[in-house]
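Here the structure comes first, spelled out in structure tokens, and everything after it is commentary.
Below, read A as the first sequence line, B as the second, and so on, with proteins coming before strands; counting in each chain starts at 1.
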Amino acid sequence: MLDPKLIRESPDLVRIAIAKKHLTVDLDAVLAIDATWRAQLQEVEALRSRQKAANTAMAALPKGSPEFIAKVAEMKAVSAQVKEREAQLKESEEKFRQAMLSIPNLPHASVPEGRTPEQNVVFALHGAHAEPRPHAIPHWEIPGFDKLFDFARGAKVTGAGFPFYVGDGARLVRALLHFFLDENAQAGYVEVNPPIFVNAASATATGALPDKEGQMYETTIDKLYAVPTAEVPLTNFFRDEIVDEATLPIYRCAYTPCFRREAGSYGKDVRGLNRLHQFDKVELLKWVHPATSYEELDKLRGDAERLLQKLDLPYRVLLMCGGDLGFAQSKKYDLEVWSAGQKRWLEVSSCSNFEAFQARRAQIRFRAKDSGKPELVHTINGSGLAVPRVLAALLENNLQADGRVKIPAALVPYFGKEFLGFA
RNA sequence: GGAGAGGUGGCUGAGUGGCCUAAAGCGCUGGUUUGCUAAACCGGUGAUGGGGUUUAAAUCCCAUCCGGGGGUUCGAAUCCCCCCCUCUCCGCCA
């Protein structure tokens with residue numbers, strides 16, 4: 001959510017910024033609702049003021065006195081009016097709130113112009129992705145793949161996109177998660193094990209609602225949402241709180257399974273481990289002082305990159321253009337790992353600065369030392385990292401002539417073996 | 001799941017229909033006093049929204065906020081209804 005004052009006072013600035021995201025928002029309609037709401041508010045407040053004054057006067061009068069009875073009659077009319085106007089005000093308030101929720105976050109000045117994914121800027125390249133790997137094939141074609149990653153039985157038991165990981169497949173997943181968490185802890189992120197179901201208020205605060213309503217699994221009786229990412233419960237940890245400025249920046253990381261309906265996905269995107277309805281991910285999250293948020297974003301991206309470097313996986317960093325930025329982000333980098341069998345880049349982390357967009361929805365603030373007043377924090381998050389696609393790249397890139405997969409040195413202590421076999 | 005007791009400012013806690021503009025204490029903070037520290041005394045101490053003044057801010061004015069949402073009433077922290085949460089006991093359970 002944006003600052004209503006910004007929209008009120010500098011609508012053109014907001015218009016231009018939204019245009020950079022190639023989104024359309026009827027700002028004039030929002031401004032009209034705002035004007036109506038404010039006019040109604042002033043009316044209601046004037047009436048309430050009258051009620052309060054009458055109340056004080058009546059408290060001093062004897063209960064049954066003629067003056068008292070006259071006053072009751074007079075205020076009855078005012079009361080009816082208040083009731084009516086308050087109902088209108090409430091309606092306008094809700095309209096305004098909905099309108100505000102429909103306005104996207106504004107992109108940072110450093111975000112490149114562009115409409116389509118092709119216009120994202122390749123910000124950095126790391127590792128020898130172009131190096132020929134004669135044995136590389138798509139991971140789902142590796143002989144024996146189905147034994148360790150059993151999609152057919154997952155489909156039987158639950159549905160498509162819910163695989164079983166079996167034996168060394170399960171062990172490799174666990175090794176990656178353990179590795180990620182250990183590395184992140186070392187980088188200063190406090191590990192958190194959050195709830196994996198959240199309520200509607202939490203989903204709204206991070207922007208999952210209303211923007212991605214149909215993408216989340218929802219429980220029927222309790223009206224809870226299965227988390228699409230640990231970002232949701234983690235960000236909401238400090239919802240409606242005012243933290244001490246001295247505690248900033250706060251670094252946290254969390255492993256959770258993530259659940260996404262992925263309605264509308266198809267084709268090569270959903271083969272094998274590329275896109276699942278349930279997958280494991282470690283999320284990095286920071287609550288920071290607004291003055292440092294872009295510096296902290298770069299640091300967080302570096303923390304995620306280091307994981308890929310230690311796994312010896314070639315990757316690139318994309319700086320997303322305005323048109324490919326999400327609804328809630330001000331700036332976003334995607335980390336894409338090179339998948340040698342599929343010969344394509346797979347997104348494994350998305351590192352974003354939300355500035356105060358989430359913090360305003362979630363009312364996460366800090367008390368500024370100099371002014372003593374609460375101010376909104378900036379929130380930053382990114383994966384560190386998502387397991388299945390890292391796994392896909394690892395399987396494809398490290399496949400040997402003998403059909404085994406070489407485990408990266410950094411992962412060997414966690415996996416316990418130097419090679420993964422499919423026999 | 002059942003029965004009962006609760007939810008009031010940063011914290012403790014009083015307040016059962018109208019001077020609640022929420023007592024008091026603690027904490028925090030400014031000052032006075034004072035070899036230092038401590039103590040004592042005096043004062044200040046929330047959030048949100050709107051308005052107004054201003055280069056801007058502060059000050060100022062108004063309204064709202066006593067777990068959340070409705071209702072009764074001229075008037076609700078207080079009465080009624082629904083929901084959430086906490087505690088105690090019982091049941092169930094890893």
_Just checking Phe366(A) against His289(A), ring centres under 6.0 Å apart?_
yes

*Just by distance, with hydrogens left out, do Lys281(A) and Thr229(A) show a side-chain donor and acceptor under 3.5 Å apart?*
yes

*Should the ring pair Tyr217(A) and Phe259(A) be called parallel, tilted or perpendicular, given that the plane angle runs from 0 to 90° and is split at 30 and 60?*
perpendicular

*Respond yes when some side-chain nitrogen or oxygen of Arg367(A) is under 4.0 Å from OP1 or OP2 of G46(B), and no when none is.*
no

*When you get a sec, tell me which of C74(B), G46(B), G50(B) is the closest nucleotide to the side chain of Phe68(A)?*
C74(B)

*For A14(B), the Watson-Crick or wobble partner whose two distances fall under 3.5 Å*: none

*Look at the side-chain N and O atoms of Ser79(A) and state whether any lies under 4.0 Å from the OP1 or OP2 oxygen of U73(B).*
no

*asked:* Students often get this wrong, so: under 4.0 angstrom with heavy atoms, is Lys71(A) touching a base, only sugar-phosphate, or nothing?
replied: nothing

*What is the base-pairing partner of G4(B), counting Watson-Crick and G-U wobble geometry with both distances under 3.5 Å?*
C87(B)

*Between U64(B), C74(B), G51(B), which nucleotide gets closest to the side-chain atoms of Arg38(A)?*
G51(B)

*Side chain Lys5(A) and base G50(B) donor-acceptor under 3.5 Å*: no

*Report yes or no: is there a donor-acceptor pair, N or O only, under 3.5 Å between the side chain of Glu45(A) and the base of G51(B)?*
no

_Work out how far the P atom of U16(B) is from that of G7(B), and round it to whole angstrom._
13 Å

*Is there a Watson-Crick or G-U wobble partner for A56(B) with both distances under 3.5 Å, and if so, which one is it?*
none

_Lys83(A) side-chain N/O to U72(B) phosphate OP1/OP2 under 4.0 Å_ = yes

*Quick one: which of G50(B), G18(B), G75(B) gets closest to the side chain of Met58(A)?*
G18(B)

*Who does G43(B) pair with, Watson-Crick or G-U, both distances under 3.5 Å?*
U29(B)

*Of all the choices, G75(B), G49(B), A47(B), which nucleotide is nearest to the side chain of Trp37(A) once you look at every atom?*
G49(B)

_Proximal nucleotide (of U48(B), C74(B), G18(B)) relative to the Val72(A) side chain_ = C74(B)

*Whole-Å P distance, U29(B) and G13(B)*: 24 Å

*Just name whichever nucleotide pairs with U34(B), Watson-Crick or G-U, keeping both distances under 3.5 Å, else none.*
none

